[in-house]
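Residue numbers start from 1 in every chain, and the chains themselves are labelled A, B, ... in the order their sequence lines are given, proteins ahead of strands.
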2 protein chains.
Amino acid sequence: MPSPRPEVPSANHTDRPGLTRARIVATAVDLIDTEGVAALTMRRLGARLDVEAMSLYRYVNGREDLLEAVVDALVDTIEIPGPGQLQPIDGWQAFLQVLAHDVRRLALEHPAAFPLIATRHPAAPWLRPPLRSLRVVEAFLDGLRSRGFNDSQAVAAYRSFTSFLLGHLLLESAMQGADMSPAEEPLDEGDADLPNQDAELSLAEYPTLTRLRSALTEDHTEDEFEQALEHLLVRLDLELSQ
Amino acid sequence: MPSPRPEVPSANHTDRPGLTRARIVATAVDLIDTEGVAALTMRRLGARLDVEAMSLYRYVNGREDLLEAVVDALVDTIEIPGPGQLQPIDGWQAFLQVLAHDVRRLALEHPAAFPLIATRHPAAPWLRPPLRSLRVVEAFLDGLRSRGFNDSQAVAAYRSFTSFLLGHLLLESAMQGADMSPAEEPLDEGDADLPNQDAELSLAEYPTLTRLRSALTEDHTEDEFEQALEHLLVRLDLELSQ
DNA sequence: ACCTGAACACCGTTCAAGT
DNA sequence: ACCTGAACACCGTTCAAGT
């Protein structure tokens, strides 16, 4: 009855299934989403998996490799618009529109992880965040080629499209995840003689900022995204016909 | 700065002058520039200053505060175009051109630090990287206002300008600082049976990537920057007259 | 085959103690 | 006033040992 486990591929009916690289990565993503990147330590991740930290090293080549795997897992959720989401009639503009919104979904679903996607060095220098996987870039280039772009036009579009996504989505995800990294302490009132830089930074000397403060605070990130995307498409259209 | 001022102004003729917050921050920037952000530990920074790590806590509220100070110091090197660099004749286009290139200078001079500038949460939520200091934003808004922008146009320009800078310069700085973080080990030849993911990632299954590899590898970051900047100016011009 | 105990080097941070 | 020694909690990582 307590027989040593045979070849059985997945026969484990306990609540805590065996460790897997996939399960480790998924839990890591969850930990980042809920507590921030700084909270992702090997030991805490182990604890979430009911395992000692050292066990993770069977499936992951250290913390750096784990972070790499997290980024890859998230980027792999990007869906390249195919026959499912797109009518054959729709051109490259619809293709880029749908793709842009899926990358935006990724950024807003994982605001704490997006800086990793944005700043960790990709496997190859010509992979540009956030479209930083071979699969995604291949599909991106093919998608544009099959919709009328030639090679150099597709490459140029890859460059401008990634720059656009990175700038907008990094700012938007920063806005989203605002201040969740430093786990919300009840604010300390002491040390009133210190500069106290963060509480209410002194706007006194900045009349224009003071006047425009409420305008600056308004969140127009979605409008900005749509408008900038629209302008990018116009710009690409110009370059196509020249 | 209500710093604990010693009575003696600067009477220290030794090669190692006394500690200063400014000196600590400057050395930290240097450490990041030369060895990457991961190398910036309190202990190593102390060693560079011929001091024990604990001494730093007199001038800096821990590592997070130090990183904040590093970012602020770098952002403070941004020069807002004034009567010196700009003729009164020049309009807002010249103003933004000159400013954009100065921020680009910052990114290329400190490629390892730029991700910090890009991703650390600013002091106020309406401060957007990389123009994330009160001084810079005030001067930016005033600069545009004095050149014909009204309030909401200036605020809109702040949003699109920062998005543009962030996307382009983060990619360009990543390109610049490529792989200097993991201190250049002589590559290990062993373990040829493992996936060996990083050495030469397998392009076999990606025909388009294989074909366009050389095109993708070309560095056109400067052209991209100039072109995208030009298009942003055109776009802003349109919004001005509508 | 898979997980762990023990150990090591390094880290951030505090505080009483030195000068 | 300024710096340090000693200590603590936590971290990444290795490896022999357990089952």
### Query
Do any side-chain nitrogens or oxygens of B:Ser55 fall under 4.0 Å of OP1 or OP2 in D:dT4?
yes
### Query
Out of B:Val70, B:Leu127, B:Val136, which one pairs with B:Val75 under the side chain to side chain contact (heavy atoms under 4.5 Å, CB included) rule?
B:Val136
### Task
Output yes when a side-chain donor or acceptor of A:Thr208 lies under 3.5 Å from a complementary backbone atom of B:Asp142, and no otherwise.
no
### Query
Counting only N and O atoms by type, is there a donor-acceptor contact under 3.5 Å from the side chain of B:Tyr206 to the main-chain atoms of A:Val137?
no
### Task
Check for a donor-acceptor pair, side chain of A:Arg63 on one end and backbone N or O of A:Thr41 on the other, with a separation under 3.5 Å.
no
### Query
Please give, in whole Å, the distance from D:dC3 P to B:Glu52 CD?
12 Å
### Query
Is the side chain of A:Ser55 donor-acceptor paired with the backbone N or O of A:Glu52 at a distance under 3.5 Å, no angle test?
yes
### Where protein sits on nucleotides 10-19 of chain C, one letter per nucleotide: B base, S sugar-phosphate only, - none, heavy atoms under 4.0 Å
-BBBB-----
## Note on the structure
Closest heavy-atom pair, B:Ala215 versus A:Arg159, reported as atoms and distance to 0.1 Å, is O-NH2, 3.3 Å
### Message
Please tell me if A:Tyr59 has a side-chain N or O lying less than 4.0 Å from either OP1 or OP2 of C:dC2.
### Response
no
### Task
With salt bridge (charged side-chain N to carboxylate O under 4.0 Å, His left out) as the test, would you mind laying out the steps for B:Asp65 and B:Arg21 before giving the verdict?
CA-CA 11 Å; B:Asp65 181 50; B:Arg21 182 165 167 113; 3.1 Å; yes
### Task
List for me each residue that meets side chain to side chain donor-acceptor pair (under 3.5 Å) alongside B:Arg211, sequence neighbours excluded, and say none if there are none.
A:Asp151
### Message
If a pair means Watson-Crick or G-U wobble with both distances below 3.5 Å, what does DNA chain D look like in dot-bracket form, with | marking bases paired to a different strand?
### Response
||.|||||...|||||.||
